[in-house]
Amino acid sequence: FLRGHDVAIVALEHLGEDVVAQLPELKIVAKMGTGVDMIDAQALASRGIRLGWKAGANALSIAELVIAYALVALRGMGSSNLALRQGGDTSKRMGRLLTGRVVGLHGCGHIAQAVVRLLAPFGCTVLAHDIVDRSDFYAEHGVQAVGWGELLERSEVLSIHVPLTDATRGLYDAPVFDRLRPDCVLINTARGEIVREAALAERLKD
């Protein structure tokens, strides 16, 4: 599909060495969305192909999705919908409010900062853990900077906003899940590989 073109605009497609090697005409790759982990930047650079992307381009879109997921999970809308379709009684399913919850953000870049702004009317206690100093933003928006352990143990809603790297791949595994509150809502709008699926499946079962 890309052969013979000077410019490629990609989203979630993988551009590895094997693909790039077959595209001698390619001069520019424009990445739509967040994260470039599916693009072999070294393969592009070695061939003089320019890579362009805009950090935070879809921040508000993903942030709204995080709020939606939090509301759906806290109010039990998914399970209630399923129960209703199966003829069950959902009249006593009250769910929990997002208002006043302790919301933890793992990473506080463009998307998480948009989440913080959207959470303002809900009066949540917002915790954040990031390897980057975000103290100015935290002070302006009343966010509490916390350590990794405190983030896991206090969050009633925990939203993941870190890139996929060697350090974060499979980071959310069984020992991490064991540190979460039993009623914690875990939201991952980052990359699936950050969470070990087998361990997650076991925790969902028990």
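When a residue number appears, it is its place in the shown sequence, counting from 1.
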Residues Ala83 and Thr90: closest non-hydrogen pair is CB-CG2, 4.0 Å
Under a 3.5 Å distance rule, please check whether Thr168 uses its side chain to pair with a backbone N or O of Thr165 as donor and acceptor.
yes
Go through the steps to decide whether Val10 and Trp53 satisfy the test side chain to side chain contact (heavy atoms under 4.5 Å, CB included), and finish with yes or no.
CA-CA 10 Å; Val10 299; Trp53 62 290; over 6 Å; no
Over all heavy atoms of both residues, which pair between Ala8 and Leu2 is shortest? Give the atoms and the distance, please.
CB-CD2, 3.7 Å
Look at the side chain of Lys31 and the backbone N and O of Gly52, then say whether any donor-acceptor pair between them is shorter than 3.5 Å.
no
When every non-hydrogen atom of Cys184 is compared with those of Leu158, the smallest separation belongs to SG-CB, 4.0 Å
Test log, rule salt bridge (charged side-chain N to carboxylate O under 4.0 Å, His left out), inputs Glu17 and Arg47:
CA-CA 11 Å; Glu17 169 69 31; Arg47 292 169 172 78; 2.7 Å; yes
Do Ile49 and Lys27 come within less than 4.5 Å of each other through their side chains, counting heavy atoms only?
no
A quick test of your reading: do over 12 heavy atoms of other residues, nucleotides or ligands sit less than 6.0 Å from CG of Asp206?
yes
When you measure from the side chain of Arg134 to the backbone of Asp130, do you find a donor-acceptor pair of N or O atoms at a distance under 3.5 Å?
no
Which value, rounded to the nearest 0.5 Å, describes the distance between Leu186 atom CG and Arg203 atom CZ?
12.5 Å
Hydrophobic cluster membership, with links at side-chain heavy-atom distances under 4.5 Å among I/L/V/M/F/W/Y: are Leu200 and Val157 in one?
no
Does a side-chain heavy-atom distance below 4.5 Å link Val162 with Ile131?
no
Could you pull out all residues at least two apart from Arg96 that satisfy salt bridge (charged side-chain N to carboxylate O under 4.0 Å, His left out)?
Asp183
Nearest 0.5 angstrom please: Met77 CE to Leu84 CG, how far?
13.5 Å
At what distance, to the nearest 0.5 angstrom, does CG of Asn58 lie from CG of Leu60?
9.5 Å
Is there a side-chain contact between Val19 and Glu13, using heavy atoms and a 4.5 Å cut-off?
no
Check: Ser155 and Leu180 side chains under 4.5 Å, non-hydrogen atoms
no
Side-chain heavy atoms nearer than 4.5 Å, only ILVMFWY residues, links allowed to pass through others: does that put Leu12 and Ile9 together?
no
Check this for me: Tyr69, atom OH, are more than 12 non-hydrogen atoms of other residues, nucleotides or ligands nearer than 6.0 Å?
no
Side-chain heavy atoms nearer than 4.5 Å, only ILVMFWY residues, links allowed to pass through others: does that put Val7 and Phe1 together?
no
Would you say the side chains of Ser79 and Arg93 form a donor-acceptor pair under 3.5 Å?
yes
Using the rule that Ile, Leu, Val, Met, Phe, Trp and Tyr join whenever any side-chain heavy atoms are under 4.5 Å apart, tell me whether Leu171 and Val146 fall into a single cluster.
yes
Shortest non-hydrogen contact from Ile160 to Ala190?
O-CB, 3.8 Å
Between Asp40 (side chain only) and Ala43 (backbone N and O only), is there a donor and an acceptor less than 3.5 Å apart?
yes
With a 3.5 Å cut-off and sequence neighbours excluded, list the donor-acceptor pairs that the side chains of residues 102-118 form with protein atoms.
| from | atom 1 | to | atom 2 | distance (Å) |
| --- | --- | --- | --- | --- |
| His106 | ND1 | Tyr172 | OH | 2.8 |
| Gln113 | NE2 | Cys108 | O | 3.0 |

Would you find a donor on one side and an acceptor on the other, under 3.5 Å apart, between the side chain of Asp89 and the backbone of Lys92?
no
Above 12 or not: heavy atoms from other molecules or residues under 6.0 Å from CG of Leu204?
yes
Sub-4.5 Å side-chain heavy-atom contact between Thr125 and Arg101
no
State, yes or no, whether a side-chain contact exists between Arg154 and Gln144 at a heavy-atom distance under 4.5 Å.
yes
Which atoms form the tightest heavy-atom contact between Leu119 and Cys124, and what is the distance?
CD2-SG, 4.1 Å
Main chain of Asp18, side chain of Gln22: is a donor-acceptor contact present, judged purely on distance under 3.5 Å?
yes
Taking atom CG of Leu65 and atom CD1 of Ile187, what is their separation to the nearest 0.5 Å?
8.5 Å
Is the number of heavy atoms from other residues, nucleotides or ligands under 6.0 Å of Glu25 CD greater than 12?
yes
Could you check whether any side-chain heavy atom of Val176 comes within less than 4.5 Å of a side-chain heavy atom of Trp148, counting everything from C-beta outward?
yes
Nearest-0.5 Å distance that lies between atom CD in Glu150 and atom CD in Glu153:
8.0 Å
Leu151 reachable from Ile194 in the ILVMFWY side-chain graph, under 4.5 Å edges:
yes
pair Leu97-Arg75: side-chain heavy atoms closer than 4.5 Å
yes
Rounded to the nearest 0.5 Å, how far apart are CG of Asp37 and CG of Leu164?
5.0 Å
So His161 and Val66, side chain to side chain contact (heavy atoms under 4.5 Å, CB included) or not? Walk me through it.
CA-CA 10 Å; His161 299 283; Val66 170; 3.8 Å; yes
